[in-house]
Each structure stands twice: as structure tokens, then as C-alpha cells.
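One structure follows; several queries about it will come next.
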Amino acid sequence: MSKQTRKAPAKKESSNLPRNILIIVVAVLLGYFVYEFVIKKDEPVPPPVIQRETDKVPEPQFKKEGDLTFLKKSGEKVKDIEIEIADNGPERQQGLMYRRSMDEAKGMLFIFPNEELQGFWMKNTYIPLDIMFVNKNKEIVKIHKNTTPFSETDLPSVKPAMYVVETVAGFADKYGLSEGDKIEFNYQ
């Protein structure tokens, strides 16, 4: 009887491909994290610039058209200011819109043809204002102080008014103006 030698089954050579792919993936990820957290310098990101359509409108310049005096109920003079006049539809509609600043000694006087309830808003108005509604006897009947720029909230006169004076915010408090005080004005 012959002896058969048994051969051990041949071992299959295993492929190194999956291991090599894993090593490459780990190396790429490691390189990314080293770059992102060690090498790369963080540059500050500027805040987004939000631009209003109104920013493109040129700022109207103050045009002195008269003078206005504020008086206490007693008749005592409080403060004189220079005024611009808004006495027609387009001028009243424009008002102080698009102004980016206004000197404390300046203001706008709106003149209406009739004494009636009035209402103003701050659409397209950059600066906070004190808005004073004045009746036909030139007596202040309502003051809205420190109004909010760009607000479309109605600011009513509450009582009939024929005139409206707009000054920079804080004016009424600074000079102690209150309802019942008066105005006098002249203009060209």
C-alpha cells in the first residue's frame, strides 16, 4: 500500500485592499482635522450689511423758511428755533423723511388748511423726533416724545390741530414744554 501524503490545503492570500483603504480614509480625516483646528487661522467674518432702500435716497438739506418761538402758558419765552415750512401736500407728505440728523435749534412746521384730527408716522424717518400737535389758537394739544424711527404706527393728535411742529427727540423735555404751552411763528 502506498502511502498517500496528504497535502495541507493551500492558504488563500488575503487581500490588503480594505485595510489600505481604511488607512487612507483615516489619514485624510486626520489631515483635515489638523488643518481645520491647528493650521488654519480664523479670520473674523464681518457682519452682513443690511441696506434699506431709503439709504439710496439723498439726504434733503435744511432750508430756513422762518422762525418759531415756544412760549409757556404764562407767555414766558422758552426757546426760538429756525423752521422749514411744509404747507402743501407734497411737502407735508415728505416732512423730515430721509434726514439723518437735525440740529436742536431747527425744526419743521406743518401748516394744514383746516383744524382737524391729524395723524403722523415715522416711515422713512431716520431720526427720533418730538412731534407737537397745535390747534388754531397756537396752543400745543398733544406731544409725542422720542418717536421711533421707521415706525409706521399712527401718532394721533387726539384733539383737532392745524399745525404740527417736529423737533429732535428730547427737545420737549429739555425745554420743559407741555400741552397747553404755545407757539408763535413767522415765515416768508
Side-chain angles (χ1 to χ4, degrees), residues 45-73 78-188:
V45 178
V49 175
I50 300 171
Q51 192 172 30
R52 297 176 185 264
E53 279 299 311
T54 57
D55 291 343
K56 299 173 187 170
V57 176
E59 180 178 4
Q61 298 303 305
F62 180 82
K63 175 176 59 177
K64 180 181 176 185
E65 297 175 308
D67 296 291
L68 185 139
T69 301
F70 290 96
L71 307 162
K72 295 305 281 176
K73 293 174 194 172
V78 176
K79 178 73 177 161
D80 290 321
I81 63 170
E82 296 177 347
I83 52 171
E84 263 185 89
I85 304 294
D87 61 357
N88 63 48
E91 290 174 344
R92 286 191 293 264
Q93 185 176 357
Q94 174 76 31
L96 291 173
M97 291 194 311
Y98 309 112
R99 305 284 173 103
R100 289 173 178 77
S101 65
M102 186 169 69
D103 186 286
E104 169 183 287
K106 293 179 172 52
M108 182 169 276
L109 174 66
F110 295 79
I111 301 172
F112 292 90
N114 301 307
E115 181 183 54
E116 57 191 13
L117 293 175
Q118 305 292 344
F120 275 46
W121 64 357
M122 295 291 291
K123 183 176 182 179
N124 299 327
T125 306
Y126 284 80
I127 54 177
L129 301 172
D130 284 353
I131 301 175
M132 294 166 254
F133 293 91
V134 180
N135 67 18
K136 67 181 177 185
N137 299 323
K138 299 182 182 164
E139 179 182 69
I140 298 172
V141 294
K142 179 67 180 168
I143 301 175
H144 288 280
K145 298 177 182 180
N146 198 26
T147 58
T148 304
F150 296 100
S151 173
E152 294 186 23
T153 301
D154 184 47
L155 303 168
S157 64
V158 181
K159 296 179 182 174
M162 188 168 201
Y163 309 100
V164 178
V165 182
E166 291 183 338
T167 61
V168 293
F171 185 92
D173 284 340
K174 181 175 182 177
Y175 293 102
L177 295 172
S178 59
E179 293 167 11
D181 290 341
K182 296 191 168 219
I183 64 167
E184 292 179 349
F185 58 87
N186 59 60
Y187 64 98
Q188 298 97 355

### Message
Could you tell me if the side chain of Phe120 sits less than 4.5 Å from the side chain of Glu166, heavy atoms only?
### Response
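Sidechains of Phe120 and Glu166: in contact.
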### Message
Is the positively charged end of Lys106 above the ring of Phe62, judged by distance under 6.0 angstrom from the centroid and angle within 45° of the axis?
### Response
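Positive - Lys106 is close enough to the ring of Phe62 and near enough to its axis.
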### Task
State, with a plain yes or no, whether a side-chain heavy atom of Leu68 is found less than 4.5 Å away from one of Val165.
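Leu68 vs Val165: side chains touch.
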### Query
Do the side chain of Ser151 and the main chain of Pro149 share a donor and acceptor less than 3.5 angstrom apart?
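No, Ser151 side chain to Pro149 backbone: no donor-acceptor pair under 3.5 Å.
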### Message
Please evaluate residues Phe70 and Asp80 with respect to the criterion side-chain contact (heavy atoms from CB on, under 4.5 Å), reporting the C-alpha separation (whole Å), side-chain torsions for both, the decisive distance (0.1 Å), and the verdict.
### Response
CA-CA 6 Å; Phe70 290 96; Asp80 290 321; over 6 Å; no
### Query
Checking Asp130 side chain against Gly170 main chain: does a donor-acceptor pair fall under 3.5 Å?
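Yes, Asp130 side chain to Gly170 backbone: donor-acceptor pair under 3.5 Å.
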### Query
Just how far is it from atom OG1 of Thr147 to atom NZ of Lys145, taken to the nearest 0.5 Å?
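Answer rounded to 0.5 Å: 13.0 Å.
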### Query
Does any non-hydrogen side-chain atom of Glu59 lie less than 4.5 Å from one of Ser101?
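Contact flag for Ser101/Glu59 side chains = yes.
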### Task
Could you tell me the separation between the CE atom of Met132 and the CG atom of Leu109, rounded to the nearest 0.5 Å?
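The CE atom of Met132 sits 11.0 Å away from the CG atom of Leu109.
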### Query
Between Arg92 and Pro90, is there a donor-acceptor pair closer than 3.5 Å when you use the side chain of the first and the backbone of the second?
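Between the backbone of Pro90 and the side chain of Arg92 there is no qualifying donor-acceptor contact (under 3.5 Å).
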### Tyr175: partners by side chain to side chain donor-acceptor pair (under 3.5 Å), with sequence neighbours left out
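Here the qualifying residues are Glu104.
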### Task
State the CG-CD distance between Asp67 and Glu82, to the nearest 0.5 angstrom.
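Here the interatomic distance stands at 6.5 Å.
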### Phe171 side, atom CZ; Ile131 side, atom CD1 - distance, nearest 0.5 Å
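Atom-to-atom, Phe171:CZ and Ile131:CD1 are 14.0 Å apart.
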### Query
Side chains of Leu96 and Leu129: closer than 4.5 Å at any heavy-atom pair?
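Side chain of Leu96 against side chain of Leu129, heavy atoms only: contact under 4.5 Å found.
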### Query
Among Phe133, Phe110, Phe112, Phe185, which residue meets the ring-ring contact (aromatic ring centres under 6.0 Å, His included) test with Tyr163?
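Among the candidates, only Phe185 passes.
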### Message
If you compare all heavy atoms of Asp181 against all heavy atoms of Leu71, which two are closest, and at what distance to 0.1 Å?
### Response
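Answer, listing the atom of Asp181 first, then Leu71: CB-O, 3.2 Å.
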### Query
Any donor and acceptor pair, going by atom type alone, linking the side chain of Lys142 with main-chain N or O of Pro160 inside 3.5 Å?
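Flag not set: sc Lys142 to bb Pro160 has no pair under 3.5 Å.
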### Task
Apply salt bridge (charged side-chain N to carboxylate O under 4.0 Å, His left out) to Glu65 and list each qualifying residue two or more places apart in sequence or on a separate chain.
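Only Lys63 meet the salt bridge (charged side-chain N to carboxylate O under 4.0 Å, His left out) criterion with Glu65.
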### Query
Are Ile83 and Met108 close enough that some pair of their side-chain heavy atoms sits under 4.5 Å apart?
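When only atoms from C-beta onward are counted, Met108 and Ile83 do not touch, as no gap falls below 4.5 Å.
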### Task
Kindly determine whether Ile111 and Met162 satisfy side-chain contact (heavy atoms from CB on, under 4.5 Å), including the steps that lead there.
CA-CA 6 Å; Ile111 301 172; Met162 188 168 201; 5.6 Å; no
### Message
Are Met102 and Ile127 packed together at the side-chain level, in the sense that at least one heavy-atom pair is separated by less than 4.5 angstrom?
### Response
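Yes, at least one pair of side-chain atoms sits under 4.5 Å.
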### Message
Quick check: do Glu184 and Lys138 have side-chain heavy atoms less than 4.5 Å from each other?
### Response
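Answer no - side chains too far apart.
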### Task
Measure from the side-chain N and O atoms of Asn137 to the backbone N and O of Glu139, and report whether any donor-acceptor pair falls under 3.5 Å.
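Looks like no, no N/O pair under 3.5 Å.
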### Message
Students often mix this up, so state it plainly: with edges at 30° and 60°, are the rings of Tyr126 and Phe150 parallel, tilted or perpendicular?
### Response
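Aromatic pair Tyr126/Phe150 classed perpendicular.
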### Message
Can you confirm whether Pro128 sits close enough to Met122 that some side-chain heavy atom of one is under 4.5 Å from a side-chain heavy atom of the other?
### Response
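Counting from C-beta outward, Pro128 and Met122 never come under 4.5 Å.
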### Task
Specify the closest pair of heavy atoms between Gln188 and Lys64, including all atoms of both residues, with the distance to one decimal.
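That closest heavy-atom pairing would be OE1-O, 4.3 Å.
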### Message
For the backbone of Glu116 and the side chain of Asn114, can you confirm whether one donor and one acceptor N or O come within less than 3.5 Å of each other?
### Response
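Absent.
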### Query
Closest heavy-atom contact between Ala169 and Asn146?
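Closest approach of Ala169 to Asn146, heavy atoms only: CB-OD1, 3.3 Å.
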### Message
Rounded at 0.5 Å granularity, tell me how far NE2 in His144 sits from CG in Asp154.
### Response
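Here the interatomic distance stands at 8.0 Å.
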### Query
Distance from Glu91 atom CD to Gln94 atom CD, nearest 0.5 Å?
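CD of Gln94 is found 9.5 Å from CD of Glu91.
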### Query
If you look at every heavy atom in Val141 and Ser157, which pair is closest and at what distance?
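Scanning both residues completely, I find the closest heavy atoms to be CG2-O, 4.4 Å.
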